[in-house]
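Worksheet for the structure shown next.
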Amino acid sequence: MKQLSERQYTVLKFMWHFHQQEGRCPTGPEVARGLGYQSYTSAYQFIEALQRKGCIDIQSYGFGRPYAIRFTDRTVRHFAQSFPVLGSIPAGPVEDSFDDITDQISELKDLLPMIQQGDFLRVVRGDSMINDRIMPGQYAIVRPGIQPNDGDICAVWVEGEGGTLKRIFREGSRIRLVPSNPKYSEATYPADKVIIQGILIASVNIWRFRER
């Protein structure tokens, strides 16, 4: 990308691929470890430089509280030339990781015309949302950057626990995650511990058959 040094672009690319794998942006220490920096300070300096150059937005929640990093439209346009399958998302208990998927579907826009630039897909794991007809093995299409309403199904990341797909309800300073399967319990977390990664736009089945 123009106006970025080689090292700045390396950090931005690492952050983009990390987001594809984990469904969230990396922290400063994760950038430092991933790129082999001896000091976390170097990673934070690169992150701040990327913000100054309009590649990312950083939202701070105050001292001692986590910050959220969002890619700007400029970065999304640069990297999101296709709409790859990015991994899987638990639709059961909150889990601390997403599975990596190596396959990518080219020309996905032709197959799923509702997809927009910046949307991402995850394969659903678990059955906590089956009463909303979201079944294990389906592809969840998630759209980031939209303010969700209470009751929307969202991909969320809970700090210290992991990611899941649930209906969300804001209750003051807390967020309640609600499954749609009675065998699972609701869970409530402090709002500053929950990152809403995007709203579920659709869930679809994509069947693959053996080539003749």
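Every heavy atom of this structure was used, including side-chain atoms; hydrogens, water molecules and symmetry mates were not.
Put simply, the side chain of Pro144 does not reach to within 4.5 Å of the side chain of Gln197, judged on heavy atoms. Looking at Gln8 and Gln3, their side chains never come closer than 4.5 Å, going by heavy atoms from C-beta outward. At a threshold of 4.5 Å between non-hydrogen side-chain atoms, the residues Leu121 and Val204 do not count as touching. Using a 4.5 Å cut-off on side-chain heavy atoms (C-beta onward), Thr164 and Tyr184 make no contact. Side-chain contact between Ser203 and Val124: absent, with no pair of heavy atoms (C-beta onward) separated by less than 4.5 Å. The shortest side-chain heavy-atom distance between Phe169 and Pro148 does not fall under the 4.5 Å cut-off.
Closest approach of Val31 to Phe14, counting heavy atoms only: CA-CE2, 3.7 Å. Smallest separation of non-hydrogen atoms from Val142 and Ala155: CG1-CB, 4.1 Å. Heavy-atom minimum distance, Tyr40 versus Arg33: OH-NH1, 3.5 Å. Scanning all heavy atoms of the two residues, the minimum distance from Ala43 to Gly28 falls at CB-O, 3.4 Å. Here the closest non-hydrogen pair linking Asn181 and Asn131 is CA-ND2, 4.2 Å. Nearest approach of Gln138 to Ile134, heavy atoms of both residues: OE1-CA, 3.3 Å.
Here Met15 contributes atom CE and Thr75 contributes atom OG1; the two are 9.0 Å apart, rounded to the nearest 0.5 Å. Remark: Leu50 CG to Gln45 CD distance equals 12.0 Å, nearest 0.5 Å. To the nearest 0.5 Å, atoms CD1 (Ile153) and CG (Asp132) are separated by 4.0 Å. The distance from the CD atom of Glu186 to the NZ atom of Lys166 is 11.0 Å, given to the nearest 0.5 Å. Between the CD1 atom of Ile175 and the OG1 atom of Thr188 there is a distance of 10.0 Å, given to the nearest 0.5 Å. Here the SG atom belonging to Cys154 is positioned 4.0 Å from the CD1 atom belonging to Ile168, to the nearest 0.5 angstrom.
Legend: residues meeting side chain to side chain contact (heavy atoms under 4.5 Å, CB included) with Glu48, ordered by chain and number and at least two apart, are Arg52.
Looking only at distances, no side-chain donor or acceptor of Arg74 sits under 3.5 Å from a matching main-chain atom of Cys55. For Thr72 (side chain) and Gly54 (main-chain N/O), a donor-acceptor pair under 3.5 Å exists by modelled atom type.
Heavy-atom neighbours of Arg7 CZ from other residues, nucleotides or ligands within 6.0 Å: at or below the threshold of 12. Counted within 6.0 Å of NZ on Lys13, heavy atoms from surrounding residues, nucleotides or ligands total 12 or fewer; the atom is thus considered open. Under a cut-off of 6.0 angstrom, the local environment of CD in Gln38 is sparse, with at most 12 non-hydrogen atoms contributed by other residues, nucleotides or ligands.
Both Phe71 and Ile58 are part of a single hydrophobic cluster, where members link through side-chain heavy atoms under 4.5 Å apart. Note on Tyr139: it does not cluster hydrophobically with Ile130, by side-chain heavy-atom contacts below 4.5 Å among ILVMFWY residues. Under the 4.5 Å side-chain heavy-atom criterion for Ile, Leu, Val, Met, Phe, Trp and Tyr, Ile199 and Val156 are members of distinct hydrophobic clusters. Hydrophobic clustering of Ile, Leu, Val, Met, Phe, Trp and Tyr side chains at less than 4.5 Å, counting indirect connections, keeps Leu165 apart from Val178. A chain of hydrophobic side-chain contacts below 4.5 Å, direct or via other Ile, Leu, Val, Met, Phe, Trp or Tyr residues, connects Ile56 to Tyr37.
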side-chain contact (heavy atoms from CB on, under 4.5 Å) between Trp157 and Val194, worked out:
CA-CA 6 Å; Trp157 183 272; Val194 178; over 6 Å; no
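The salt bridge (Lys or Arg N to Asp or Glu O under 4.0 Å) pairs that include a residue from residues 140-155 are Asp119-Arg143, where partners are two or more places apart or lie in different chains.
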